[in-house]
Amino acid sequence: MSKRQASRPPPARQPRRRIWVAGAIAVVAGVIAIALYLTSSGSRNQTAWARLGSEDVHSLSFVGDDLDHLLFGHHGGLSETRDGGRTWRRLPTSADAMAMRPAVDGSIVIAGHEVFTASRDGGQTWQPIAADLPSLDIHGFTRDPVDPDRMWAYLATGGLWESTDAGAHWTRVRDDNVLFPLAVHSDGGTRLLGVDANGLVASTDGG
C-alpha cells in the first residue's frame, strides 16, 4: 500500500451516516421521554386509564348513532359508557373481547382467541355461538350495520369468511388474508373495508 493510499480520507458518506444515526437516537430518546412523562404524570391519558381499569385495549365501538354510548373491549371483558366516556361500568362477561360489534337491536357479539359469544339483551346475558368455522381463533370481525345477522371474520388459519345467519354457518369468500375487516353503510349499500398484503382494500359484494 502506498503512502498516498494510506492517507486517503474516509468516504464523504460516513459523516452523513453519523448524522443520521445521531438523529435516529435523538428521535427514539424523545419518544421514550414522552412515554415516560405520560405514564408518570397526572395527565388526562393517565386519568383515563385509571377510570377504565384496564391495562390493554382491544376494541372500541359506538352503539348506533348515540355518540355518548360506547363499548370498550379488553382481555378481561367488556365495559360500557352512556355519558361519552366520563363513567364506565363492567358488563357481566369475562370474554377476551379482541373484537366486538354491537347493533341497534341490543345485540353484541364478541370474537377473539377461541371466543365467539353473543348477547341479545345489551350485554346482560351471554351465550356462545355454535359456528361451523374451521377455527375460533378469530383475529378480525365485523357486522353489517344494516343487517346485524350478516358478519365477516378473519381467522388466524387464514382467509375471510362470511355468515348471513348470525354466525351459525360460514362461507369462505376470500382465500388470502384481510386484516381489520370493517363493514360500513353508504348510499350504495354495505361496503367492506380491510387491509391485505397490498394495502387498503374495499369490497361491495360481501368480500
Side-chain angles (χ1 to χ4, degrees), residues 35 49 52-63 70-80 88 90-123 125-185 189-207:
W49 283 119
L52 288 171
S54 169
E55 296 181 357
D56 58 83
V57 176
H58 273 331
S59 51
L60 184 70
S61 182
F62 290 98
V63 181
L70 295 92
L71 296 178
F72 164 66
H74 48 87
H75 271 311
L78 208 59
S79 296
E80 178 185 42
W88 294 82
R90 286 182 174 268
L91 295 180
T93 177
S94 58
D96 183 0
M98 184 172 181
M100 165 270 303
R101 287 293 181 270
V104 293
D105 62 0
S107 63
I108 307 169
V109 176
I110 292 176
H113 298 298
E114 304 302 326
V115 174
F116 196 37
T117 185
S119 171
R120 300 293 177 184
D121 53 10
T125 59
W126 296 84
Q127 293 292 331
I129 300 174
D132 60 0
L133 283 167
S135 168
L136 287 183
D137 194 0
I138 303 171
H139 282 206
F141 176 77
T142 190
R143 299 169 76 188
D144 190 326
V146 178
D147 179 8
D149 286 343
R150 188 185 188 197
M151 49 190 69
W152 294 265
Y154 155 59
L155 306 184
T157 54
L160 183 69
W161 299 72
E162 180 188 30
S163 172
T164 57
D165 59 1
H169 302 94
W170 293 81
T171 301
R172 189 166 183 163
V173 293
R174 182 162 169 162
D175 291 335
D176 53 338
N177 298 335
V178 179
L179 286 67
F180 312 111
L182 175 65
V184 297
H185 180 66
T190 297
R191 194 178 189 200
L192 192 62
L193 307 175
V195 176
D196 69 1
N198 297 314
L200 183 65
V201 292
S203 172
T204 57
D205 60 2

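Quick note: numbers below take in every heavy atom, side chains included, and nothing from hydrogens, waters or symmetry partners. Bear in mind that the values here come from a model prediction, so they are computed numbers and not experimental data.
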Margin query: Is there a side chain to side chain contact (heavy atoms under 4.5 Å, CB included) between L71 and V63? Walk through the geometry before answering.
Written below: CA-CA 7 Å; L71 296 178; V63 181; 3.9 Å; yes
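With a 4.5 Å cut-off on side-chain heavy atoms, L155 and I138 count as touching. For the pair R172 and L160, the minimum side-chain heavy-atom distance is 4.5 Å or more.
Shortest non-hydrogen contact noted between D121 and T125 is OD2-OG1, 2.6 Å. Considering every non-hydrogen atom in both G77 and A97, the closest pair reads O-CB, 3.6 Å. In plain terms, the two heavy atoms of A168 and S163 that are nearest each other are N-OG, 3.9 Å. The minimum heavy-atom distance between P92 and W126, with the atom names listed, is O-CD1, 3.4 Å. Closest non-hydrogen pair, A118 versus I129, comes out as CB-CD1, 3.7 Å. Among all heavy-atom pairs drawn from M98 and S59, the shortest one is O-CB, 3.9 Å.
Distance check: T142 OG1 to F180 CZ gives 13.0 Å after rounding to the nearest 0.5 Å. With rounding to the nearest 0.5 Å, the separation of CG in D96 from CG in L78 is 11.0 Å. Here the straight-line distance linking atom OG1 of T164 with atom NE2 of H169 works out to 9.5 Å at 0.5 Å rounding. Rounded to the nearest 0.5 angstrom, L182 CG and W152 CH2 are separated by 10.0 Å. S94 OG to H75 NE2: the interatomic distance, rounded to the nearest 0.5 Å, is 13.0 Å. Separating the CG atom in D132 from the CH2 atom in W161 is a distance of 8.0 Å, to the nearest 0.5 Å.
Listed by chain and residue number, F116 satisfy the ring-ring contact (aromatic ring centres under 6.0 Å, His included) test with F141 (two or more places apart in sequence, or in another chain). Every residue meeting the salt bridge (charged side-chain N to carboxylate O under 4.0 Å, His left out) condition with E162, not counting sequence neighbours, appears here in chain and number order: R150.
With hydrogens and angles disregarded, a donor-acceptor distance shorter than 3.5 Å links the side chain of T117 to the backbone of Q127. The main-chain N or O of S107 is never found under 3.5 Å from a side-chain atom of S119 such that the two would form a donor-acceptor pair. Counting only distance, with no hydrogens or angles, the side chain of R143 and the backbone of R101 share a donor-acceptor pair below 3.5 Å. Judged purely by atom type and a 3.5 angstrom limit, D175 has no side-chain atom pairing as donor or acceptor with the backbone of G159.
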Just distance, no hydrogens or angles: give the donor-acceptor pairs under 3.5 Å from side chains in residues 191-202, sequence neighbours left out.
unit_1 : atom_1 : unit_2 : atom_2 : d
D196   : OD1    : N198   : N      : 2.9
D196   : OD1    : G199   : N      : 3.2
D196   : OD2    : R174   : NH2    : 2.7

